[in-house]
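Treat the numbers as computed from the prediction; the structure is a model and nothing was measured.
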Amino acid sequence: MSASKMIRGAMILTVASIVSRLLGIFFIIPYNALTGTEGTFLYGIAYTPYGIMLSVSTMGLPLAVSKFVSKYNALGDYESGRRLLKSGFVLMAVTGLIGFLVLFIGAPHIAAAYGLPANRMNDVILVIRVVSIAILIVPVMSLMRGYFQGYQSMGPTAVSQIVEQVVRIAFILIGAFLVIKVFHGSPVTAAALATFAAFVGAVGGLYVMLHFWVTRRGRMSKMKQTVQRRKKISYLSMYRELVNYAIPFVAVGISMQLYQLIDQFMAYHYLAYSAQVKELVITDLTVNDQKMVMIPVTLATSLAVSAVPAIINSYAKRDINEVNHKITQAFELVLFLTIPAAVGLSSLGYMIHGLLFEINLHDLLIGGRILQWYALTAIFFALFQVTASILQGINRQRVTLISLCAGVMIKILLNPLFMKVFGMVGPILATDIGYAVCILINLIAIKKATGYKYSAIGQQVIHIVGYTAIMALSIQLIFLLFGGSIPSGRGIAFVVVMVSVAVGVAVYLLLSRWTGLLRRVVGGMRKRRTD
């Protein structure tokens, strides 16, 4: 497999992942406009346990199977990958069925654990049961994606991801429009269709994978075994190796959802607000504002983790100096993009929330405040994902699981106290502290394994923070010109956001260019593409 083909495949997958994630973020704006807080609340409270159960059911398979198949294909042992695929179909069918049953049968218990008002219980049970249907087929699709990736064939996964997301979102938005605008139905019905869209999207994605399987199966089956084993690898050994690969991927995949689930479980118990305000807070914390926070995280981490293959390659050669150089590049890129984006989003919290979601003053003051605080959490999200990716590159994946467990325990312990003391901001502060602990553990493990000196990025961090502070001041000046940070209508919010983004980006990039920081970061990206 040529290096250029591998790089091209990685880029295809990265672009598809970014597109898919951004589609999954931005659809919530029209959906919220159609169904309001009620429909968005029900959607979010169903998708969080579904996402966790899905990650557990698929066992991190796309990346884990890819790593397993790629390893044995490189040894000329194609038969091991084929045996994994055949047995994996049975295993994924079983885990998918178990995941479905756990959610479907356990829906009343999950709804009860939320501490919801009696008038919400049946609605939540309904949406959890509807979304659980998708788990029956998603694990099988994930297995097929991983198998193709093991052959360095990224196109099927990329196309499948985008088709799945497009079909899902189209079904959600068309369904919500028909229910609310045409048939004048309830947000509960719209939310049930939105959760069923997970199954519809998965069918679309699986159809794409089956199409590629039919067209490429013959070519893959012609690859001849060049290693003759005295005995086949036992299924026990095969899956033990697969689980070792998969656990870190699962940990990273469910980290954010675990934090969200903790907030959803505790909000009704510990937040001292009315049921209506609690519902609004949960919606903003786990759906509306959370998705806005994920925009800079998605862009920054998708680019930064592209350094991981180079780290793996350099670490395999025991070239520690080059490993540390790649680590520096990854940190520089994620901090260069995430810090100003998070601070800008925080500064414009009320304006952006008013523009995209609520202009009603009561709801805007809640959503805007949450976004103002939550935006800064993007820095923690991004650093956790990048440090976890670096640990993967230096073969220290299990540290990620340890750090995640430590962070989640701290989140669970702090959440009740912080909710009572700090109100709606409390869960955000507890999340920040939990992620900070995760990141610290990961950083220590990276230093221990590679001897990395964090002073290598110290000067760049000082520059980034300084330029970001000047950018934030420029946004405050714009607020003075337009009469404050809280919008009086969507029109003024749109103007202020557009002007602030243009001025803020210009100030930050001009300062970065003037001092050479921009050239350093962009040069690192170009070098990775040519390595």
Examine distances only and state if a side-chain atom of [X] and a backbone atom of [Y] form a donor-acceptor pair shorter than 3.5 Å.
X    : Y    : result
T283 : E279 : yes
Y273 : L280 : no
H269 : A113 : yes
T338 : L335 : no

Test side chain to side chain contact (heavy atoms under 4.5 Å, CB included) applied to Q260 and L285, step by step: CA-CA 8 Å; Q260 289 178 308; L285 272 176; over 6 Å; no
E164/L206 under side chain to side chain contact (heavy atoms under 4.5 Å, CB included): CA gap, chis, key distance, verdict: CA-CA 8 Å; E164 179 187 7; L206 181 60; over 6 Å; no
Is the [X] ring parallel, tilted or perpendicular to the [Y] ring (thresholds 30°, 60°)?
X    : Y    : answer
F422 : F418 : perpendicular
Y454 : Y452 : perpendicular
F265 : Y114 : tilted

Spacing of [X] atom [atom1] and [Y] atom [atom2] [to the nearest 0.5 Å]:
X    : Y    : atom1 : atom2 : result
E332 : I464 : CD    : CD1   : 7.5 Å
T468 : M471 : OG1   : CE    : 5.5 Å
M292 : I25  : CE    : CD1   : 7.0 Å
S20  : R168 : OG    : CZ    : 8.0 Å
N32  : T37  : CG    : OG1   : 6.0 Å
I262 : Q264 : CD1   : CD    : 10.5 Å

Closest approach of [X] to [Y] (non-hydrogen atoms, all atoms of both residues):
X    : Y    : result
T95  : P139 : OG1-CB, 4.4 Å
S160 : M141 : OG-SD, 3.9 Å
F380 : A436 : CE2-CB, 3.9 Å
C438 : F384 : CB-CD1, 3.7 Å
P427 : K411 : O-NZ, 2.8 Å
G344 : I475 : CA-CD1, 4.3 Å

Residue pair T189 / S186, side-chain donor-acceptor N/O under 3.5 Å: yes
Side chains of R369 and Q372, donor plus acceptor under 3.5 Å: no
Surrounding [atom1] of [X] (heavy atoms of other residues, nucleotides or ligands, distance under 6.0 Å), is the total greater than 12?
X    : atom1 : result
Q476 : CD    : yes
K447 : NZ    : yes
N122 : CG    : no

Chi angles and distances behind the ring pair (Phe, Tyr, Trp, His ring centres under 6.0 Å) call for Y50, Y43: CA-CA 11 Å; Y50 162 75; Y43 171 88; 9.8 Å; no
Is there a side-chain contact between [X] and [Y] in this structure, where contact means two heavy atoms from C-beta onward sitting under 4.5 Å apart?
X    : Y    : result
V297 : M294 : yes
M53  : F100 : no
F196 : V131 : no
T35  : L42  : no
I295 : F26  : yes
I441 : T387 : no
Q257 : Y47  : no
P49  : L103 : yes

Check: F336 ring centre within less than 6.0 Å of Y467 ring centre: no
Full working for side chain to side chain contact (heavy atoms under 4.5 Å, CB included) between L116 and I45: CA-CA 11 Å; L116 297 162; I45 213 161; 4.2 Å; yes
CA sep, side-chain torsions, deciding dist, call: L376, D432, side chain to side chain contact (heavy atoms under 4.5 Å, CB included): CA-CA 9 Å; L376 299 175; D432 291 345; 5.6 Å; no
